[in-house]
Each structure stands twice: as structure tokens, then as C-alpha cells.
Amino acid sequence: MVHIPDDADFNSFREQCENHEGWHCQYNKGGVTVWSEEQDSTKAVKKLKMCITCKDVPAEILYDVLHDTSYRKKWDSNMIETYDIGRLTVNADIGYYSWKCPSPLKNRDFVTLRSWLPLGNDYMIINYSVKHPKHPPRKDYVRAVSLQTGYLIKANGSNSCSLYYLTQVDPRGSLPKWVVNKVSQFVAPKAMKKIYKAGIKYPEWKRKHDPDYKPWVYPEQNTLPTVNLADLSIQRADELENIDESGVSEVRMHISDEEDGFSKDS
């Protein structure tokens with residue numbers, strides 16, 4: 001049954017971000033740390049979490065960056081398309097996101113229920129996959145499943161913050177082990193640095209692009225259609241196509257070495 005995250009869900013998410021017991025550090029370089037959960041090796045879907053300290057970026061700015069879909073295309077070079085489908089409450093909505101997988105892997109997409117919670121000077125955004133009747137799996141993508149994904153932004157004074165990102169995603173495919181290793185050693189740290197850089201550039205960009213429009217802060221600005229919770233259901237991984245990409249060789253895969261992902265136009 002689909003439910004909108006409550007205080008217990010947010011508290012649990014925060015505990016997972018902040019408590020490192022039972023987690024193995026896989027990467028710690030350049031201000032970014034990546035951990036994987038130490039768990040039964042028979043479990044197919046592991047949790048990853050990462051943290052970066054963002055100096056000169058206030059927590060509320062990074063919170064805006066992660067909400068602002070118009071700005072996301074400026075920094076998220078892996079994104080193909082993202083849009084909001086509808087709202088559930090003042091702090092929960094349904095959205096769509098598709099992302100480019102390194103060639104020759106097939107691209108993935110998600111439909112998720114997202115909820116957010118400002119808590120003093122800290123902020124949380126969490127999501128999980130759901131089924132929406134008007135947004136079924138598409139032929140040109142593999143529908144992946146977010147079991148639990150989110151951000152915790154912790155203020156470090158008035159002009160700095162720490163960003164945690166935790167994710168447990170089933171990509172619906174038998175991926176080679178070297179792909180999984182590359183995610184934790186290369187893709188994940190690079191993604192965290194992109195968000196940090198996006199936070200530095202956001203205030204200047206936002207001044208030129210509808211600066212007063214922030215429906216995640218001012219819910220009266222939200223004009224999305226209302227979604228009936230009863231129309232949604234949990235997206236279970238075993239209901240979706242599972243493709244075997246385990247034979248993809250490393251020499252065939254291309255991962256972009258794009259410096260920061262920012263497009264040059266305004």
C-alpha cells in the first residue's frame with residue numbers, strides 16, 4: 001500500500017545517513033566519502049550512501065537546487081527528462097525521471113513518490129517508486145525501481161552544509177560487477193561534486209530565472225493537478241522486465257568525461 005512518508009520514515013532515513021555502523025567505506029578522496037552497506041551477499045540490491053561538505057553553500061540553497069527541475073538540466077548531464085506528474089500534499093508529489101546509462105547499457109527511468117521535510121536548519125528529501133496508471137513502463141527504457149533514495153542536507157553554520165545521499169535502487173538488470181564498482185568509485189563521487197558546484201552557481205542563475213518561484217517553499221505556487229493516493233500502487237521489481245547485461249565488456253562502455261555537466265547557455 002502506498003503511503004506518504006511520516007516522521008518515523010524521515011527519522012529512519014536520517015539515522016541511516018548519520019550512523020555508519022554496518023557500512024563499509026569504499027571511497028574517501030577529494031572531500032567525498034562513499035559507503036556501501038555490509039549485508040548478506042545474497043541480497044541483490046545493496047544500499048550506497050555518500051557525503052560531501054559544501055563550503056560556501058548554505059543548506060537552504062542546496063535544498064532549492066535539488067528541488068528546482070528547471071535548473072537540474074543545467075547540471076545533471078545524466079538526465080534525459082524529468083517532470084512533475086501531480087501533487088499529493090503540500091510536501092509530497094509524484095514525478096518522472098529518466099537517465100542516460102553509459103553505452104551500451106539501456107537507459108533507465110523511474111516514477112517516484114517524493115516527499116520533503118525542512119527541519120530547522122536541516123532538510124530531507126526522500127522518494128520511492130510507485131506505479132501511476134497514466135505512466136506505465138515505456139518500450140525505449142528499462143523501468144528501474146527506487147526502493148529508497150534521498151538526500152539529507154545538514155547546515156554547518158550559515159554558509160556551509162554537508163550533503164548526504166543514500167540510495168537503494170534496483171536497476172532491473174544483471175549488471176557486471178565492474179559496472180557496480182565503477183558507480184561507487186567514479187560515478188557517485190563525480191555526481192556529488194556536480195551538486196556542490198551547482199549549489200555555488202545557483203543563486204546567480206535563479207536571479208535571472210523566475211527568482212520568486214519556489215513551490216517547494218511556497219505551496220500556494222504549486223499548480224500541479226492533484227493525484228489520488230488510491231490510484232497509486234507500490235512498484236514491485238519482480239513485476240518488471242529484468243534484462244541481462246552482465247556480458248557487457250568494460251572496453252565497450254563509455255562513461256562521459258565531461259568536466260562538470262553544465263551547459264554553456266543561460
Taking [X] first and then [Y], would you say they form a salt bridge - that is, a charged N and a carboxylate O separated by under 4.0 Å?
| X | Y | answer |
| --- | --- | --- |
| R87 | D93 | no |
| R236 | D238 | no |
| D68 | K206 | yes |

What I'd like to find out is whether the side chain of [X] reaches to under 4.5 Å of the side chain of [Y], using heavy atoms alone.
| X | Y | result |
| --- | --- | --- |
| V34 | V32 | yes |
| L166 | Y151 | no |
| V111 | S129 | no |
| D84 | R114 | yes |
| S233 | V130 | no |
| K73 | E81 | no |
| Y96 | H132 | no |
| N156 | K55 | no |

(message) Between D76 and Y97, does the side-chain hydrogen bond (donor to acceptor under 3.5 Å, both in side chains) criterion hold? Intermediate values first, please.
(response) CA-CA 11 Å; D76 187 354; Y97 178 84; 2.7 Å; yes

(request) Dump the intermediate steps for salt bridge (Lys or Arg N to Asp or Glu O under 4.0 Å) on R14 and D122, then the final yes or no. (result) CA-CA 11 Å; R14 184 174 192 133; D122 300 340; 2.7 Å; yes

(message) Between Y71 and Y202, is the ring centroid distance below 6.0 Å?
(response)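 Yes, close enough.
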
(message) Does the plane of the ring in Y63 sit parallel, tilted or perpendicular to the ring in Y123? Use 30° and 60° as the thresholds.
(response)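 If you compare the ring of Y63 with that of Y123, the planes turn out parallel.
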
(request) Validate the cation-pi geometry between K49 and W35: distance from NZ or CZ to the six-membered ring centre under 6.0 Å, angle to the ring axis within 45°. (result)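 Cation-pi check for K49 and W35: passes.
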
(request) Could you give me the CA-CA distance, side-chain angles and deciding distance for K197 and K193, then say whether side-chain contact (heavy atoms from CB on, under 4.5 Å) is met? (result) CA-CA 6 Å; K197 189 165 186 177; K193 291 175 182 177; over 6 Å; no

(request) Step by step, work out the side-chain contact (heavy atoms from CB on, under 4.5 Å) result for V169 and L147. (result) CA-CA 6 Å; V169 166; L147 299 170; over 6 Å; no

(request) Check step by step if side-chain contact (heavy atoms from CB on, under 4.5 Å) holds for Y128 and L113. (result) CA-CA 6 Å; Y128 67 93; L113 187 159; 3.9 Å; yes

Closest contact, heavy atoms only, [X] versus [Y]:
| X | Y | value |
| --- | --- | --- |
| F110 | R143 | CA-CD, 4.1 Å |
| C101 | K106 | SG-O, 3.2 Å |
| N121 | A155 | O-CB, 3.3 Å |

(request) Decide whether W216 and D64 meet the rule of one side-chain donor and one side-chain acceptor closer than 3.5 Å. (result)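 D64 and W216 do have a side-chain donor-acceptor pair below 3.5 Å.
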
